[in-house]
Amino acid sequence: MKKILLLMLIPIAVFAQSNKLTKADKIYGLSKFWQEVNYNFVYLNKVDRVKWDSTYKALITSIPETKTDYEYYQEMQRFCAMLKDGHTNIFMPSGKDFEPMNTMFGNYRLFIENVENKAIITRVNLSKKDEIPVGSEVIEVNGKPTAKYIAENVSPYISSSTGYVLQDWSISKLLQGLEGSQFEIKIKKPKGQIITLKLTHQRTEEKEVFPAFPAESSLLNFKWYPNKVAYVALNSFGEEKIDSLFIAKLPELYQAKAIIVDLRNNGGGNTGIGSYILKYLTNDSLLYGSRYSTRQLTSAFKAWGKYTSPKDTVNSEWNKKALLTYQDNYFYNLDYYPLKNKLSAKRIVVPTVLLIGHNTASAAEDFLIYADNQKHMTKIGRNSFGSTGQPYLFDLPGGGSARVCTKKDTYPDWREFVGNGVKPDIEIIPTIKDFMANKDATLNTAIDYLNKKIK
């Protein structure tokens, strides 16, 4: 949540929030983050350095005056969001003082998602399903149109590499706040009626929601659709166990005439875990994954670069390196080797659809890069998350932490997907009607597509 909302609507002292950090702690944490970004952030060349440094300078004065540790970490998150990177973040300490609520408002429970660029209520607690129908839109928050409220009070605190993920998260966190936070919202129902609700964050005892949550998702979900179309959801590459779960399904998968691989809820993990599965889905002996690069600082070259002009770099690699290093723009390209596929097991090379979306992230995007040149594979859905890399993690005062992305990933031919996302071959954008009908338009499109392929 934002500082202004807490000050305007909630007497902070009432909630006795943590205020253990000293002014020196706060300045040190701010400076530590600023330093590590300047030294290690791989996309520093895309940052407005004048604005970045002037904001830091202003925060040196303002951030020690934050009233609570929670407010301090919010300001740190706002500073971090300037970098616009999904793998560069500020993480709050653990504990109730740092755990905002999002969906629970006592008698009401509201789940809000970005549908057709609107803040749509996609799920409510069961007893309120008639009062607040699924498909209703939040059109105003605390006297401001929703878009204006988001722009001023939500999105400035979110780190994202892509505008569409920033919008998704801003809408899903629209009413986020600590316990006791108050909101007045206007809701437009599907038939046009507008109602006003006054909400206060507190625990919702009612467990049942409408529509009900799907059965608990596991690492790997498997099912069959007509015409021997196999569906496999790979929901994370964070646990190596998913590889053995996939192998256990091979006897059945060998019977498939077509396969749907659902990566829409895969937030990543370990690239090697995902590529191990991909080896079974191609006949290729070599798989071409991301290229990697990282900033390289050699201090003497930075010193020499201060006295080097662009004309000095003509026919001089030494001077070129010096100038680029001084500009924080000298990159080291890591050695690149394609992945050898020496799998002796039987492969499954049939028409295959990869379902992707805004939550397909990190190592799951690396999976897509490896699969990019597979002619029997078609990507259906929406752009992927658009962020991957190798973060450097470090501690901050008071139990919080931060990470800074140190590695730039691209396609093998140097095309960039960070900041853009991996694009689908067939784009499907869910509609409000889809949500109201509990319809999975992306999956349905994939089934229809494959049925035409295998006829």
Side-chain angles (χ1 to χ4, degrees), residues 213-284 287 339 341 343-357 359-361 363-382 384 422 424-428 430 434 438-455:
F213 286 112
E216 186 175 350
S217 184
S218 48
L219 270 179
L220 184 148
N221 295 111
F222 180 86
K223 66 177 75 171
W224 285 102
Y225 286 100
N227 300 321
K228 293 188 176 181
V229 175
Y231 169 91
V232 185
L234 306 176
N235 294 317
S236 173
F237 294 142
E239 295 183 43
E240 196 170 355
K241 179 182 177 183
I242 194 171
D243 288 346
S244 58
L245 292 173
F246 179 81
I247 291 171
K249 292 296 180 184
L250 284 175
E252 291 182 80
L253 280 170
Y254 287 136
Q255 309 304 313
K257 291 185 178 180
I259 296 176
I260 297 171
V261 178
D262 194 344
L263 297 167
R264 288 177 293 175
N265 295 312
N266 191 321
N270 186 312
T271 302
I273 292 173
S275 61
Y276 179 82
I277 292 175
L278 182 63
K279 289 179 179 181
Y280 285 87
L281 304 177
T282 173
N283 284 324
D284 288 359
L287 296 173
L339 180 66
N341 188 359
L343 198 67
S344 58
K346 180 182 176 182
R347 317 285 180 89
I348 313 165
V349 182
V350 295
T352 300
V353 164
L354 306 177
L355 300 186
I356 66 173
N359 294 325
T360 307
E365 292 181 290
D366 295 336
F367 181 101
L368 297 176
I369 303 303
Y370 274 120
D372 185 55
N373 63 348
Q374 300 299 312
K375 293 187 175 11
H376 63 291
M377 293 185 179
T378 303
K379 299 182 292 294
I380 295 180
R382 295 190 292 175
S384 67
V422 176
D425 301 304
I426 300 172
E427 184 178 40
I428 303 295
D434 292 337
N438 201 20
K439 173 185 174 184
D440 189 338
T442 304
L443 176 59
N444 292 344
T445 300
I447 293 170
D448 292 342
Y449 174 85
L450 289 173
N451 280 331
K452 293 175 183 175
K453 281 281 187 180
I454 60 181
K455 277 185 178 179

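Predicted model only: the values in this text are computed from it and were never measured.
- Side-chain contact of Asn235 with Asn221: a donor-acceptor pair under 3.5 Å is present, judged by distance alone.
- No more than 12 heavy atoms of other residues, nucleotides or ligands sit less than 6.0 Å from atom CD of Glu240.
- In terms of heavy-atom proximity, Ala345 sits nearest to Tyr254 at CB-OH, 4.4 Å.
- Summarising the geometry of Asn373 relative to Tyr370, their closest heavy-atom pair is OD1-O, 3.8 Å, with the distance given to 0.1 Å.
- No side-chain heavy atom of Leu250 sits less than 4.5 Å from a side-chain heavy atom of Lys346.
- To the nearest 0.5 Å, the span separating CZ on Arg347 from CG on Asn283 amounts to 6.0 Å.
- A donor-acceptor pair is defined here as one N or O able to donate and one able to accept, closer than 3.5 Å; such a pair exists between the side chain of Asn341 and the backbone of Lys279.
- Nearest heavy atoms, Thr445 versus Ile428: OG1-CD1, 3.6 Å.
- A distance of 9.0 Å separates CG of Leu278 from CZ of Phe246, quoted to the nearest 0.5 Å.
- Looking at Arg382 and Pro430, their side chains come closer than 4.5 Å, going by heavy atoms from C-beta outward.
- Gln374 and Asp284 are linked by a side-chain donor-acceptor pair at a separation below 3.5 angstrom, with hydrogens and angles left out of the test.
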Ile277 and Tyr280: side chain to side chain contact (heavy atoms under 4.5 Å, CB included), yes or no, with the steps? CA-CA 6 Å; Ile277 292 175; Tyr280 285 87; 5.7 Å; no
Would Ile426 and Lys379 count as a side chain to side chain contact (heavy atoms under 4.5 Å, CB included) if you check the C-alpha gap in whole Å, the side-chain angles of each, and the deciding distance to 0.1 Å? CA-CA 6 Å; Ile426 300 172; Lys379 299 182 292 294; over 6 Å; no
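- Counting only heavy atoms from C-beta outward, the side chains of Ser275 and Leu287 never approach each other to under 4.5 Å.
- Residues Phe222 and Ala230 approach most closely at CE1-CB, 4.2 Å, considering heavy atoms.
- Nearest approach of Gly268 to Ser236, heavy atoms of both residues: O-OG, 3.7 Å.
- Among Val350, Ile259, Asn451, the single residue meeting the side-chain contact (heavy atoms from CB on, under 4.5 Å) criterion with Val229 is Asn451.
- Residues Ile242 and Glu239 fail the side-chain proximity criterion, which asks for heavy atoms closer than 4.5 Å.
- Side-chain contact between Lys249 and Val232: absent, with no pair of heavy atoms (C-beta onward) separated by less than 4.5 Å.
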Using side chain to side chain contact (heavy atoms under 4.5 Å, CB included), reason through Lys241 and Leu245 one step at a time and then give a plain yes or no. CA-CA 6 Å; Lys241 179 182 177 183; Leu245 292 173; 4.2 Å; yes
Checking side chain to side chain contact (heavy atoms under 4.5 Å, CB included) for the pair Val349/Leu281: CA distance, chi angles, key distance, verdict? CA-CA 5 Å; Val349 182; Leu281 304 177; over 6 Å; no
For Asp262 and Lys223: C-alpha separation, side-chain torsions, deciding distance, then whether salt bridge (charged side-chain N to carboxylate O under 4.0 Å, His left out) applies. CA-CA 12 Å; Asp262 194 344; Lys223 66 177 75 171; over 6 Å; no
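- The closest side-chain heavy-atom distance from Ile380 to Thr378 is below 4.5 Å.
- Salt bridge absent: Asp448 and Lys453 never bring a charged side-chain N and a carboxylate O closer than 4.0 Å.
- Taking CD1 from Ile447 and OG1 from Thr442, the interatomic distance works out to 11.0 Å, rounded to the nearest 0.5 Å.
- The closest side-chain heavy-atom distance from Val353 to Tyr449 is below 4.5 Å.
- Once rounded to the nearest 0.5 Å, the distance linking CZ of Arg264 with CD1 of Ile356 reads 10.5 Å.
- Between Gln255 atom CD and Lys228 atom NZ the span is 6.0 Å, to the nearest 0.5 Å.
- Among all heavy-atom pairs drawn from Asn266 and Leu234, the shortest one is ND2-O, 2.9 Å.
- When side chains are defined from C-beta on, Tyr225 counts as touching Tyr231, because their heavy atoms get closer than 4.5 Å.
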